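First the proteins, then the strands, lettered A, B, ... as listed; each starts at 1. Only a predicted model underlies this, so the values are computations on that prediction, with no experimental measurement involved.
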Protein chains: 2
Amino acid sequence: MATSITRTKRGKGRDIAAPSRPTQKDIALAAGVSQAAVSLVLNKAETPSVPPATRTRILEVAQELGYRPNHPARMLRSARTMTFACVIPDITNPFYPGLVRGLQTVAAPAGYDVLIFDTDGRPEGEVRAVEWLLQGRADGVVATFFHLRASQLAVLSRNGIPLVRLESQHKPDGPLAIDSVYIDNVEAAAEMTRFLIARGHRRIAMIQAEFGPSQRRAQGYGAVMRDAGLSPDFITDSAYSEESGARAMKRLLERKERPTAVFGASDVLALGAMEAARIAGLSIPNDIAIAGFDDIPVAKLLGLTTVRQPEFDLGALAARTLVRRLLPGGLEAPGKSHELKFEIMKRTSA
Amino acid sequence: MATSITRTKRGKGRDIAAPSRPTQKDIALAAGVSQAAVSLVLNKAETPSVPPATRTRILEVAQELGYRPNHPARMLRSARTMTFACVIPDITNPFYPGLVRGLQTVAAPAGYDVLIFDTDGRPEGEVRAVEWLLQGRADGVVATFFHLRASQLAVLSRNGIPLVRLESQHKPDGPLAIDSVYIDNVEAAAEMTRFLIARGHRRIAMIQAEFGPSQRRAQGYGAVMRDAGLSPDFITDSAYSEESGARAMKRLLERKERPTAVFGASDVLALGAMEAARIAGLSIPNDIAIAGFDDIPVAKLLGLTTVRQPEFDLGALAARTLVRRLLPGGLEAPGKSHELKFEIMKRTSA
DNA sequence: TTCGCTTAGTTATACGTATTACTAAGACAA
DNA sequence: TTGTCTTAGTAATACGTATAACTAAGCGAA
C-alpha cells in the first residue's frame, strides 16, 4: 500500500505535475465540516446556521490554502458569467477604446468583466458575434451592429441576454430587452453643415462610408444643403478608415471644380482626408476646410473641427443599463432608447 | 394529470418566463438516444460506435432545436476557458488597441477569445489582475506589469496559467511557463538620442514616467548623452498620459535655458509636450524638436519622429506563444524571450 | 414526559458537458 | 451449441459550486 503524500488530484492516468487549485471540498476536509458549510460561509455575510467559531475557522483555512472560487463552476451553477461582451467593428478605431473604458468603469464595481469582440463591420463578423453570444458566454451585450436588423437580434432576448445598441438615432420602444443609447446623428450632422455654410462655404462635399451611422449623418447633411439651395455632394468609400478617407479625398481633388469644405462622416475619414490634402500641398483650412464626426482624442491635437460624441459616457450609460437589466426581473421591462447630447467642437480645420 | 405543453425547464418554483436553451439532453430525448451519444457525435469527427444514420439524425435534431454548446459547462468539464486575458495599463492608450488586434487575429482562429483587463498601471490594479486570473477565468495571459516582479507572478505558473510578458529588454530564460516578447528599448532610445545629437542638438531633455518601460529608455538615452560628453536631463511626471507630458513640458519651458530637443519616453508624453509647446507659441521643430517612443497611429499624422514598436506583431507573437504553450505538454518548456526589431521613424518633429 | 424550538450543521441534488467503462444483441466460426 | 468478435450504443461519473431540504442534539416549557 503506497502512501501518496503529494496530493495530486486530477492526476488520474498520467502523473505529470498537474497543478490544481484548492476547492471548497479541500477546505471542508481540512476544517472538518461539509462542503455546504464552506459555501455558505464564503458567500453569505450572515450565516445563522454556522456559529462564529466555525465561521472563522473555515475562513482561516480558506485563507491558508489560498482558496479562490472556481469561476467556471460558479458560472455553470448560477447561470451567470459575470461578463459583458462589447461587440464593435474594430478596437483600433480610436472611438472605441474610450467607450470600452466607460463600460469597464461601471462594470467592474458591479462585478462584471468586459470581453471585446471585433466584427470588422462585416455581416459575417456580426453573425459570428451572435452565434457566439448564444453559447452563454456573456450575461449582457453592448454592441454596434451595422448590418443585423432587430429581427435577427431578437434571438438574444429570447435567450435572456439583454442587449444595448449604440445607435445613431432614436429607436421606438419595443417589448424586448433591447435598449439603445444614441446621439441624434441627423441633427448633429445638420448643425455641422449649417456651421460650414455660415462660414461661407457653398461647395461642401461629404465623405461617406458604405454602412453604419454614416447614413444618418448623410441625411442631416443632405437636408440642410437642400434647404440652403445647395446640392449635396456625396462621395462614398467602403470603410471607416484613414485609407478610405484619403482615397475619397484624392478623388475629390482630381475634380475640375473642387469643394471648399469636406465633411467626413467620421473622424478617421476626416483624418485620412486631411492627410491626403496635405500631401497634395493644400493648406487647411485656407485651401480647403475639413470637418469630422466623433471627436476622437487626436481630433483635438490636430485641430479638427468635429462633432463630439461622448464615448466614455455612452459606454458608462450602456453598462448601467445592462446592470439594471440583470437585476431580478429586469428583463421584463420594455426596451428604452436613451439620448446623449452631442457638441460641435469648433477648432482650426474649418 | 395536467399536460404541460410549454416546455418550461428551470421553472421550478416561479413560473416566470425563464428562457432556457436546448441542451444535449433535449437532443438525446428528441432523437431517441443517450446524452453520451449526442456529445460524441457533436464533438468527434469520427464516431466508430455511432453509425452514419444515427449520426445524421442527431445532427439534424441539433440543428432543428438550434443547439449551441453551453460554454460554462464546457469550461468546467474540460478545465479550459478558451479565453486569453490581456492585462494592460489602459486600453485608451493608443499603443494597446493595435496590440489587442494582433492578439485577436491569432487567437480567434485558434478558438480563443480575448478579455481586456485594465490595471491603470497601479500596483493594486496589477494585484487584482493576478487575483482574478487565479479564479481560472483564462487559459493564458498576455500582460504588461509595471510593478509586479517575477516572484509575484510565479503563482500563475504554479497554477498552470502560462504568461507572456511584454518587456522592454531581454529576459533570461527561466524554468517556468513565463515567456516574454520584447523590443530592445535601451538600444532604441540610444539610437534615437544619437539621431538627435547628429541633428546638432546638445541640450536634449527626456520626459519620463515614474514606472514601466520608461526606465530602460532613460537608460539608453543617458548612456549616449554621457558618451557624447553631454549631461542627461531628466524630468519625471507620473503617468503615460498627455497631461503628464504637457505638465513636464511646461516645466521645461519655464527654465531660463530651454532644451532644444525633447525626447518623450512614450508617444503620448511627446504629444502632450507638443501640445504644450504649441500653446506656448513655439514652432516645431524650429523652436524646439520633439521625439517620441511607440509610433502610435497618430504619430504619423502629426509628423512625430519616434521609435516604432510593432504593436500588432507583438500581440500576434504573444498569442502564438500562448497557443503553443497550451498544446499538450507545452507548459513544461523553459520560458523564452523573443525579440522584435524597432525602427526609427524620422518625421518632421525632429 | 413529551412536544416543540433552536442550534449547527449535513445530505442530496442540479447545472451541462466529456469521457471511461461497461453491455446487449447479433454475426460468425469452430 | 458454445464462444468470440463486432456493432451500437448506454450508464455512470466527475468537474466545483450553490442551495433546498433535511436532521440530530440539546434545551425549555407545558
Side-chain angles (χ1 to χ4, degrees), chain A residues 9-14 18-29 31-58 62 65 67-82 134-137 159-160, chain B residues 9-14 18-29 31-58 62 65 67-82 134-137 159-160:
Chain A
K9 289 180 307 184
R10 182 161 11 254
K12 270 279 182 65
R14 55 268 125 75
S20 126
R21 324 181 216 296
T23 70
Q24 292 185 355
K25 203 159 80 181
D26 297 321
I27 299 177
L29 208 66
V33 294
S34 72
Q35 175 265 328
V38 175
S39 176
L40 242 27
V41 168
L42 256 30
N43 291 302
K44 311 284 176 185
E46 293 186 359
T47 42
S49 79
V50 181
T54 313
R55 196 184 160 80
T56 51
R57 180 158 41 97
I58 290 175
L65 295 184
Y67 171 80
R68 331 271 162 170
N70 180 303
H71 187 242
R74 273 193 167 181
M75 280 166 65
L76 176 58
R77 171 63 229 225
S78 53
R80 284 283 187 124
T81 63
M82 300 314 283
L134 290 177
Q135 305 193 352
R137 289 170 186 244
N159 282 296
Chain B
K9 289 181 309 185
R10 184 165 4 259
K12 272 278 182 63
R14 54 269 125 75
S20 125
R21 324 183 218 295
T23 71
Q24 293 185 354
K25 204 158 79 180
D26 297 323
I27 299 177
L29 209 66
V33 295
S34 72
Q35 175 267 327
V38 175
S39 175
L40 242 27
V41 167
L42 256 30
N43 291 302
K44 312 285 176 182
E46 294 185 359
T47 42
S49 80
V50 182
T54 313
R55 195 183 162 80
T56 51
R57 180 158 40 99
I58 291 176
L65 295 185
Y67 171 79
R68 331 271 162 172
N70 179 302
H71 188 240
R74 268 192 172 182
M75 283 166 64
L76 176 58
R77 170 62 228 223
S78 54
R80 284 284 185 122
T81 64
M82 299 313 282
L134 290 175
Q135 305 193 351
R137 290 171 186 243
N159 282 295

Taking side-chain hydrogen bond (donor to acceptor under 3.5 Å, both in side chains) as the test, write out the residues that go with [X], two or more places apart.
{"X": "A:Ser49", "answer": "none"}
{"X": "B:Ser34", "answer": "none"}
{"X": "A:Arg74", "answer": "A:Asn43"}
{"X": "A:Arg57", "answer": "none"}

> Backbone N or O of A:Asn159 within a donor-acceptor pair of the B:Arg21 side chain at under 3.5 Å?
Replying inline: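 Side chain of B:Arg21 to backbone of A:Asn159, a donor-acceptor pair under 3.5 Å: yes, one is there.
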> Has the side chain of B:Thr54 got a donor or acceptor atom that lies under 3.5 Å from a matching backbone atom of B:Val50?
Replying inline: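 No; zero donor-acceptor contacts below 3.5 Å.
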>> Distance criterion of 3.5 Å, no angle test: do you see the side chain of B:Ser49 paired donor-to-acceptor with the base of D:dG9?
In response: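 Per atom types, the contact qualifies.
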> Of all the choices, D:dC15, C:dT17, C:dT10, which nucleotide is nearest to the side chain of A:Ser34 once you look at every atom?
Replying inline: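 Side chain of A:Ser34 sits closest to C:dT10.
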Anything under 3.5 Å between a protein N or O and an N or O of nucleotides 22-25 of chain D, put it in a table, one pair a line.
none

Starting at atom [atom1] of [X], determine the distance to atom [atom2] of [N], rounded to an integer number of angstrom.
{"X": "A:Ile27", "N": "D:dT17", "atom1": "CD1", "atom2": "C1'", "result": "12 Å"}
{"X": "A:Met82", "N": "D:dA18", "atom1": "CE", "atom2": "P", "result": "12 Å"}
{"X": "A:Gln135", "N": "C:dT17", "atom1": "CD", "atom2": "P", "result": "11 Å"}
{"X": "B:Asn70", "N": "C:dA14", "atom1": "CG", "atom2": "P", "result": "17 Å"}

>> Return whichever of B:Ala73 or B:Arg57 has its heavy-atom-nearest nucleotide of DNA chain D closer to the 5' end.
In response: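 Its nearest nucleotide being more 5', the pick is B:Arg57.
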>> Using heavy-atom distances to pick each residue's nearest nucleotide on DNA chain D, tell me which of B:Leu76 and B:Thr54 is more 5'.
In response: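 Result: B:Thr54.
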> Which is it for A:Met75 and B:Met75 under the side chain to side chain contact (heavy atoms under 4.5 Å, CB included) test, yes or no, and what are the steps along the way?
Replying inline: CA-CA 9 Å; A:Met75 280 166 65; B:Met75 283 166 64; 4.0 Å; yes
> How many angstroms lie between atom CG of A:Leu29 and atom CD of A:Gln35, to the nearest 0.5 angstrom?
Replying inline: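 Here the interatomic distance stands at 12.0 Å.
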> Mind checking what makes side chain to side chain contact (heavy atoms under 4.5 Å, CB included) contact with A:Arg77, not counting sequence neighbours?
Replying inline: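 Checked A:Arg77 against side chain to side chain contact (heavy atoms under 4.5 Å, CB included); zero matches.
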>> Working note: A:Tyr67 + A:Leu42, criterion side chain to side chain contact (heavy atoms under 4.5 Å, CB included); need CA distance, chi angles, decisive distance, verdict.
In response: CA-CA 10 Å; A:Tyr67 171 80; A:Leu42 256 30; 3.5 Å; yes
>> Checking side-chain polar atoms at under 3.5 Å, does B:Arg55 have a donor or acceptor matched by the opposite partner on B:Thr47?
In response: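 Yes.
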> Between the two end axes of the helix from C:dT1-D:dA30 to C:dA30-D:dT1, each built from 5 base pairs, what angle do you get to the nearest 10°?
Replying inline: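 It works out to 80° between the end axes.
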>> I'd like to compare against my own output: the B/S/- annotation of nucleotides 18-28 of chain C with a strict under-4.0 Å heavy-atom distance to protein.
In response: BB---------
